[in-house]
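Here the structure comes first, spelled out in C-alpha cells, and everything after it is commentary.
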There are 2 protein chains.
Amino acid sequence: MPTTTQQRTTILEVAREARASKTSVSRYFSEERERLSPDMQTRIAAAAQRLGYRPNRMASGLKGGRSRLIGMLVADIRNPFSVAVMHGVEQACRERGLSLMVCNTDNDPAQEREHLALLASYRVEGLVINAVGSPDRELQALVEQGTPLVLLERELGEVEAEVVGLDNVRALDMALNHLQAQGYGELLYLSEPPEQASPRQTRLTRFHQGIAARGLAGEVHCRPLGDTEALHHAIGDFVARPSTVPRAVLCANGNATLAATRALRALGARLGEVGLLGIDELDWCELVGPGITTLAQPTEAIGRAAVECLMRRREGGGERIAPARRVHFQASLIPRGSTRR
Amino acid sequence: MPTTTQQRTTILEVAREARASKTSVSRYFSEERERLSPDMQTRIAAAAQRLGYRPNRMASGLKGGRSRLIGMLVADIRNPFSVAVMHGVEQACRERGLSLMVCNTDNDPAQEREHLALLASYRVEGLVINAVGSPDRELQALVEQGTPLVLLERELGEVEAEVVGLDNVRALDMALNHLQAQGYGELLYLSEPPEQASPRQTRLTRFHQGIAARGLAGEVHCRPLGDTEALHHAIGDFVARPSTVPRAVLCANGNATLAATRALRALGARLGEVGLLGIDELDWCELVGPGITTLAQPTEAIGRAAVECLMRRREGGGERIAPARRVHFQASLIPRGSTRR
DNA sequence: TTGTAGGCGTTATCAC
DNA sequence: GTGATAACGCCTACAA
C-alpha cells in the first residue's frame, strides 16, 4: 500500500484552478478582498473550497506578512487564576482572528528565558507575560525588535510595557475593612515569598500600612507554601496563642488559601471562629465548611484587557512609542461563613 | 527619536560574521553540527552569540525542515484534569525540544474544527487531541497529510490514530467494588450526556453492567450539569426516597463531582451518610466535609504517553502505517470520609 | 569539510 | 482590477 502523503494544496494550485494569479488569491485571503471583482471572488472562493485550501501560516509569517500569532507566558498553568486569565486572552484573540501560543514556565526563571526566546523565534506579534523572574534583558530585546508587550500584574524594571492587573492596594483595603468589620483584631498574612514579584510586594506593603492605620495587630508568614511543616507550625502558633481578640488568616492568593485551609483543617480549627479570607475566588471556596470568604478578581476582563493593550500598541506602533501605562481592575468581595463568627 | 526597529539577525549575517557560508551556519544549528570542523564550530558559536542569533522557526518550518511544533486541542481548559494532562504533554515536549501550541475549544465542535484547521496551517508535526465532537473529516485529512495523531480518551470513528487514556472499565469496577464494600446498595450515576463521547459511553455502559452483576440498584442522571435545577431535583429525589439501603452518588468526572457536591450541600445531606465517589482527583476533595473519595487518574503519565506515541509515529512514519493502538492507564482509589458510613 | 544554487508558500512592489 | 516577479530566512541536494 503506497504512502498517501497527499501534499497540502498551495496558493499556486488555487490560482490555476481559478484561472487567476497567485497575487489575486493572496489578496482574496487578506484585507484586500474587496478590491477584487465579484466574478474573481466567486471563482477563487469556489476553487479554494474545492481544493480545501488554507494559507500556510509559516509561509506568510515569513515574508513581512504577519504571523497572526500571540504568545503568552504563564508562570504556573496549574493555577486556576492563570488559566482563567488565559481564557480571557484566548477569547479576545479569537475574536480578532489571532492564534495563541501558550508557554508554561513552571515558576522557573530559566525556562522563562528559554520560552521567551522561543516565542521570539516564532515571530509572535504580541506577548502577554505573567513573569516569574526578571527577564529584563530578553524583554528589552523584544521591545526593541518592535514586539508589543503586556505584563500581567508585576511590573518589570525599565521595560517599556503596559501592565494589566488588580488594584492591589484597594483589594487589600477591602480585605482589611471586611475583617475589621467582622470583629477580627489579630491577623496573620500568608503569602509566598515576595522577592521581586511586584504584586506580592504591593499586597504585603499595603497589609503593613493597613493594619497600622486601623490599629490591628498583625504578623506575616512569607515562606514557600511547599514547606508545609513551617506553615502548620506558623498557623498552629497563631491559633493556639492565648488572646482575647478574634483572629483571622488573610491569604495573598489562591495557593495560599489552599495551603491555609489544609493547615486549619489539620489543626481542627473551626472556620469563622478562626477567620479566613483569601484573594482569588476558586470553585471550591463555597464548599468548604461554612464557605470561605474571598476577594474575586475579574480574570476574564484582565485577559481581554491584555490583548486590547497589545492591539492598541500594534496599531499605533512604529512611529512613536506610547508611554507605558497601567490598567487596574477592582476585586469584589464574596462574604461567606469563614469570616462570620 | 527614530524608531529602533532593529531587524532580527539572520543566518546570513552570522555567516558573514563567522567567515562561513549560510550552509555551515544552518548545519551548526541542526543535527549536523558534528560534521563541522572544531574551528568552524567555535567561529559560528562566537558569531551567533555576539549577534544574538536565533533561527527563525517560521522560515525553517517552511522548507521541508520541521516546524518543531506540536499542537494540542483541549476541550475545556478550565477543567483541572485537562490542564494536568496538558502539563504532562508540555514536559514531554520540552524534553524533546518541541514547542507546544494549545488551543481550547470550550466544548464547541465548531471551534474544534476551526482550531484543527488552524493547527494544520501552522504545519504542526503532531497533534494531541481531546475531542468534543467528531471532526472525522478534518482529522482524516491531517492523517493523510502525514501528521501523527493521538486521541485522548475518546476514540473516533475510522480515524487512524493512537488512543491514550484511562482503563475506564476497570475504573468503574473499582468504584463499584468500593461502594459495595462500604455497604452502599443504591447508586445514582451522574454524568454529562454521553452522546458520541466514547469514554462517557464506556463508563456508563460499565456502570449498568456492573450494578447488574453485583445485584445493586442503580439509576442514572445524564443531563448537562449546567441545568442545576434538574440536577438538584434528581439528587433530592434520590436522597429523600424512603429506603432501607444506604445510597451513594457516583460521579463520572470532576465536573460532575463539583456539581454533586454543591447539590448535596444545598440539600443539607451529610457526606458518608449519603455516599459520594468521584472520578478525577481534585485539590479540594480532601477539604470538603469528611473528604470526598475519588478515583485519581495518572494525568501526567497520560500526557507524556501521548507525546511518546506521537514521536514513535513520526519515527516509523512514512513507509508503512502502524496499526492504531490503545494505551490504557489504571486509576487509583483514594478512600475518604464521603464513602464511610 | 565547506560552499553554491534553488526552492519552500506567501506577500509586497510595481507594472499593465 | 490584475498579474509578473522579487524578496522573506532557511534547508538541502549537489559540487568542489
Side-chain angles (χ1 to χ4, degrees), chain A residues 5-45 47-48 51-69 120-125 145-146, chain B residues 5-44 47-48 51-69 117 120-125 145-146:
Chain A
T5 307
Q6 180 187 314
Q7 279 298 330
R8 210 113 183 1
T9 45
T10 78
I11 203 173
L12 184 61
E13 305 175 61
V14 178
R16 272 203 272 268
E17 176 87 6
R19 286 166 295 126
S21 70
K22 291 194 303 180
T23 314
S24 297
V25 180
S26 172
R27 286 204 176 104
Y28 180 83
F29 285 99
S30 77
E31 255 75 304
E32 307 181 79
R33 179 179 301 188
E34 300 312 321
R35 290 191 177 169
L36 298 174
S37 68
D39 177 49
M40 174 71 77
Q41 289 191 37
T42 350
R43 263 155 48 216
I44 295 180
L51 274 52
Y53 170 73
R54 275 236 145 202
N56 182 333
R57 292 289 188 188
M58 285 288 173
S60 40
L62 188 52
K63 175 75 181 174
R66 318 279 74 212
S67 67
R68 310 302 292 151
L69 204 54
S121 82
Y122 279 106
R123 303 298 187 267
V124 293
E125 294 184 45
Q145 189 196 324
Chain B
T5 307
Q6 179 188 316
Q7 276 301 328
R8 210 104 184 7
T9 45
T10 78
I11 203 171
L12 184 61
E13 306 174 62
V14 178
R16 273 204 270 268
E17 176 88 5
R19 286 167 296 125
S21 70
K22 291 195 302 180
T23 314
S24 297
V25 180
S26 172
R27 287 205 175 104
Y28 180 83
F29 285 99
S30 76
E31 255 74 307
E32 308 180 79
R33 177 179 302 188
E34 299 312 321
R35 291 193 176 167
L36 298 175
S37 68
D39 176 50
M40 176 69 79
Q41 288 191 36
T42 351
R43 263 154 50 216
I44 295 179
L51 274 52
Y53 170 74
R54 273 237 146 200
N56 181 335
R57 295 284 190 187
M58 286 288 173
S60 39
L62 189 51
K63 177 77 177 182
R66 318 278 74 210
S67 66
R68 310 301 293 152
L69 203 53
S121 82
Y122 278 105
R123 303 299 187 265
V124 293
E125 294 184 46
Q145 189 196 323

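What you see below is based on every heavy atom in this structure, not just the backbone, and it leaves out hydrogens, waters and symmetry mates. Chain A is the first sequence line, chain B the second, and so forth, proteins listed ahead of strands; every chain is numbered from 1.
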Q: Confirm from the modelled atom types if A:K22 and C:dT10 form a donor-acceptor pair under 3.5 Å, side chain to base only.
A: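 Side chain to base: pair found, below 3.5 Å.
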
Q. Which part of the nucleic acid does A:R57 contact within heavy-atom distance under 4.0 Å: base, sugar-phosphate only, or nothing?
A.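 Contact class for A:R57: none.
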
Q: Have a look at A:T23 and say if it touches a base, only the backbone sugar-phosphate, or nothing, with a 4.0 Å heavy-atom cut-off.
A: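 Since a base atom lies under 4.0 Å of A:T23, the category is base.
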
Q.
Reading DNA chain C from 5' onward, which residue's closest nucleotide shows up sooner: A:R27 or A:I11?
A.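 Taking each residue's closest nucleotide, the earlier one in sequence belongs to A:I11.
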
Which whole-number value in Å describes the distance from [X] [atom1] to [N] [atom2]?
{"X": "A:R123", "N": "D:dC8", "atom1": "CZ", "atom2": "P", "answer": "13 Å"}
{"X": "B:L12", "N": "D:dA7", "atom1": "CG", "atom2": "P", "answer": "13 Å"}
{"X": "A:Y28", "N": "C:dT10", "atom1": "OH", "atom2": "P", "answer": "15 Å"}
{"X": "A:F29", "N": "C:dT10", "atom1": "CZ", "atom2": "P", "answer": "9 Å"}
{"X": "B:R16", "N": "D:dG9", "atom1": "CZ", "atom2": "P", "answer": "12 Å"}
{"X": "B:R19", "N": "C:dT2", "atom1": "CZ", "atom2": "P", "answer": "12 Å"}
{"X": "A:M58", "N": "C:dG7", "atom1": "CE", "atom2": "C1'", "answer": "18 Å"}
{"X": "B:N56", "N": "C:dG9", "atom1": "CG", "atom2": "C1'", "answer": "14 Å"}

Is the phosphate of [N] approached by [X] (side-chain N or O, under 4.0 Å from OP1 or OP2)?
{"X": "B:S21", "N": "C:dG3", "answer": "yes"}
{"X": "B:S24", "N": "C:dT2", "answer": "no"}
{"X": "B:Y53", "N": "D:dC10", "answer": "yes"}
{"X": "A:S26", "N": "C:dT10", "answer": "no"}

Q.
Would you say that B:Y122 contacts B:R57 through its side chain, given a criterion of any heavy-atom pair below 4.5 Å between the two side chains?
A.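 B:Y122 does not reach B:R57 side chain to side chain.
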
Q.
Do A:L51 and A:E17 have side chains that approach each other closer than 4.5 Å (heavy atoms only, starting at C-beta)?
A.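 Side chain of A:L51 against side chain of A:E17, heavy atoms only: contact under 4.5 Å found.
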
Which residues satisfy the salt bridge (charged side-chain N to carboxylate O under 4.0 Å, His left out) test with [X], sequence neighbours excluded?
{"X": "A:R43", "value": "A:D39"}
{"X": "A:R54", "value": "B:E114"}
{"X": "B:R35", "value": "B:E32"}

For [X], give me all partners under side chain to side chain contact (heavy atoms under 4.5 Å, CB included), at least two apart in sequence or on another chain.
{"X": "B:S26", "result": "B:I11"}
{"X": "B:A48", "result": "B:V14, B:F29, B:Y53"}
{"X": "B:T23", "result": "B:S21, B:R27"}
{"X": "A:R16", "result": "A:L12"}

**Q.** Inter-end axis angle, the helix from C:dT1-D:dA16 to C:dC16-D:dG1, with every axis fitted to five base pairs (rounded, 10 degrees)
**A.**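 That helix gives 30° between its end axes.
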
Q: Might you point out which heavy atoms bring A:P55 and B:S121 nearest each other, and give the distance in Å?
A: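 Looking at all heavy atoms of both residues, the shortest contact is O-CB, 3.5 Å.
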
(Q) Just to be sure I understand the geometry, which residues of residues 31-40 of chain A put a non-hydrogen atom under 4.0 Å away from DNA chain D? (A)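 Of all residues in residues 31-40 of chain A, the ones placing a heavy atom under 4.0 Å from DNA chain D are A:R35, A:L36, A:S37, A:M40.
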
Q: Measure from the side-chain heavy atoms of B:S60 and tell me the nearest of D:dG3, C:dG9, D:dC11.
A: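 Per side-chain heavy atoms of B:S60, the pick is D:dC11.
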
